[in-house]
Amino acid sequence: MGSNNRKTGQKIIKAAILHDVYCGNRATEEPPAIQQPLRLRRFPRVPVWARMVSLMVGLSLAGFATHAVFQHGSGVAPQGGKEDAGYATFGWNQEMALLFAEATAGLRRFSVAYPLDRVEIPYRRGAVSLLDEELPTGSGLLDAAGYQLLNEQPGMTVANLFGLGVRTIIIDAGHGGRDPGAIGPTGLKEKDITLKIARLLYNRLVDEPGISVVMTRDSDITLSLKQRVEYARQYDADLLVSIHLNTIPGSPLTVVETYYFGPPVDEQSVDVARKENHHSGYAVAEFNELIAGLGDTLKQQESRKLAAYIQKSVYGALSRDNRSIIDVGIRTAPFVLLLGAEVPSVLAEVTCISNTEEEARLAKPAYRDKIAGALERGILSYMNQLRQQDRRQPEDGSTIHAES
Amino acid sequence: MPKVKVSQQDKALRVGIDLGTSRSAIVASNGKRKWVQSLVGWPKDFVARKMLGDRVLFGDEVKEHRLSLDVVRPLAQGVIKSGTEKDEESVAELIGHLIGLVEPRPRQKIFAAVGVPAEALKVNKRAIRDAIADYAEKLIVVSEPFAVAYGMGALDNAMIIDMGAGTTDFCIMHGTMPSVDDQRSLTAAGDYIDEQLLGLLTERYPDSDFNMNIIRSFKEEHGFVGDALAQVEVEARVEGRPVVHDITSEMRRACESILPAIAETAMDMIARFDPEYQDQVRNNIILAGGCSQIAGIDTYLMEVLSEMGPCNISIVDDPLYAGAQGGLALAKDMPYEYWMDM
């Protein structure tokens, strides 16, 4: 009897200790800090002499403009045709200023690096305007104080607030079929590599309990972006991860970047977006509809977080092999795929196929598996974070809770 | 066509890893267990790469080729030195190597419980997690003495003294996860003994050449405290010729040099413990780690501590694997849903 008691006592202690170990370890897994995106400076395609010419033209125009304004300005007052002269002055002035602005903008784009600006921070006031319409304050679910809290608490997002989880993940292998995507220096095609990575990722995630995984394509078929988005809707996806490879023509750089939908940060993201938006299959009217539904706070917040997790784990894994790889961070760009999906979605440009060494690595199964593993880790830690946030009770819950 | 599949299988390999300053060990749920010297070496230059191939070397191989390698001893002072990339990388490589040694099936997931020196856990738990994350699917990191305690089932009113190479870690268990106050670390450990011994021997035999590796092997073979049972005689080289030296008194002095600090810390920690349970703790002291193998160390400590009252000190059976075994026990007992959440 006594020994029995001791046994159960030991069991209880063990369970308590295991729980403590688990809590202690979970506490160290903080979400990754969202860094400022690194801006890649695009080297000018314009030759040096052209820049010099445009600089000189710009300066001379500016000089001419000030000269003209000065001349007109001083010569206007004593004359009778006051209005005419005034117009002339204004017209000249504006035109010259515009020309000047254009010339300098051209210069800036090609020769001066822009100052770093941050990815848009979604926790501004008014960021939940969509909810505002759907849930009138009278319903008691969210009162004014609740908004205040939501906007001021940096970690609080719509998904956390409503305890949303993830059940279905869509893996999208970029390009395919008629559209080969980027092609490496020795002829490796983006569509083949993305498919292989997607399969590996699928095999890894499919054993994960409680979630189902769907692939948009499991063979070399042509899929328009519209079809891909429709898959996501059809299978009630909760997350969409699209796998792509980057290409920087004429450059030996290798970069890792993860995109989520938003206004473009710089022309390079526009460039990448244009390449990936090829064959979108959307008509203008449909496209406008998509744009209209853009104020989706939940999607943006969550996409951004997911992007940060994926970026961190992919860069972390690849930089072990290749020290020269560059962490560009998470970026926003107007990808049609990311816009169309209604759920948190990211587009991961896992590495650069345009780099010869990287292309050789991508041809090896072990390297692709490493990338798949890193993507898996990113997705899982994002989901864990959702679960944890869900479990964590607000310390002073009264302001958020429904009243009835 | 898209395929949809949900499965709930748990086929992961559980492993317990003891990441030591001097030796690292792994025990896996497939019954395999291995240990290596905690040494990681990268070929130094072109010639070395030509000879050894472009790869990372571990353990004894590093010792063998140490002259042509950049050798890193991960966790040298019991911590990952921040800012040194090689340090973090060496921890990662070592873990990868250890996991490879127990031969998991291809693509089998790894659930690992890793015991690290208590000081490392306090200073850079996160760095350790990051270093290991590449090789294990799921991972928990605990302090070394705690892993030993868990493996031995000494969960309540017990004290573990883990005497390793870099640090001696103390940990009092009282039915919960030990807090910061329940754990302490001293640098009075194996490396300190080696330094003392080297100093004493060069003083006495200035003509002989000793280095740390030789000194360490002397200690591991002949280390003792208290009264000598036999003369300790070792072979050393004087101007290239072998000569036999008697190092009995030096060995004793070097080995005993760490004990006052250890005894004092142990007494202090017991004295701070709840008076009602102090007797129980004093009768349940467990020595672990490489230095626990020094002959007579348990009787020496018992004598010193008995001034507080009767006490009992035991030594773990298998100090090399005790930490890793404890890790494996932890990895096996940890409920599946906890793992999934990690």
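The basis for the numbers below is simple: all heavy atoms, side chains too, and nothing from hydrogens, waters or symmetry mates.
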Find the one option among A/E376, A/K370, A/M383 whose heavy-atom pairs under 4.5 Å with chain B are most numerous.
A/E376

Partners of B/F58 by ring-ring contact (aromatic ring centres under 6.0 Å, His included), sequence neighbours excluded?
B/H97

Minimum side-chain heavy-atom gap B/T176-A/I13 below 4.5 Å
no

Close side-chain approach of B/R107 to A/L200, heavy-atom, < 4.5 Å
yes

Heavy-atom pair of closest approach, residues B/G175 and A/I17:
O-CG1, 3.9 Å

Side chain, backbone, both or neither: which part of B/V141 has a non-hydrogen atom closer than 4.5 Å to chain A?
both

Can you list the steps and then say if A/L380 with B/K138 is a side chain to side chain contact (heavy atoms under 4.5 Å, CB included)?
CA-CA 11 Å; A/L380 292 185; B/K138 305 282 174 186; 4.2 Å; yes

Contacts of type side chain to side chain donor-acceptor pair (under 3.5 Å), residue B/D169, not counting sequence neighbours
B/T167, B/S185

Of the backbone (N, CA, C, O) and the side chain (C-beta and beyond), which part of B/A92 lies under 4.5 Å from a heavy atom of chain A, both, or neither?
side chain

Within this structure, what is the NZ-CG distance for the pair A/K14 and B/L330, rounded to the nearest 0.5 Å?
9.5 Å

Are there more than 12 heavy atoms of other residues, nucleotides or ligands under 6.0 Å from atom CD of A/E357?
no

Below 4.5 Å, heavy atoms only, C-beta onward: do A/V21 and B/F146 meet side chain to side chain?
yes

Contacting moiety of B/D333, where chain A heavy atoms sit under 4.5 Å
both

Go through the atoms of A/I170 and report whether side chain, backbone, both or neither lie under 4.5 Å from a heavy atom of chain B.
neither

Are the side chains of A/H19 and B/M334 in contact, using a 4.5 Å heavy-atom criterion?
no

Hey, is CZ on B/F273 packed in by over 12 heavy atoms from elsewhere, all under 6.0 Å?
yes

Under 4.5 Å from a heavy atom of chain B, the part of A/R377 involved:
side chain

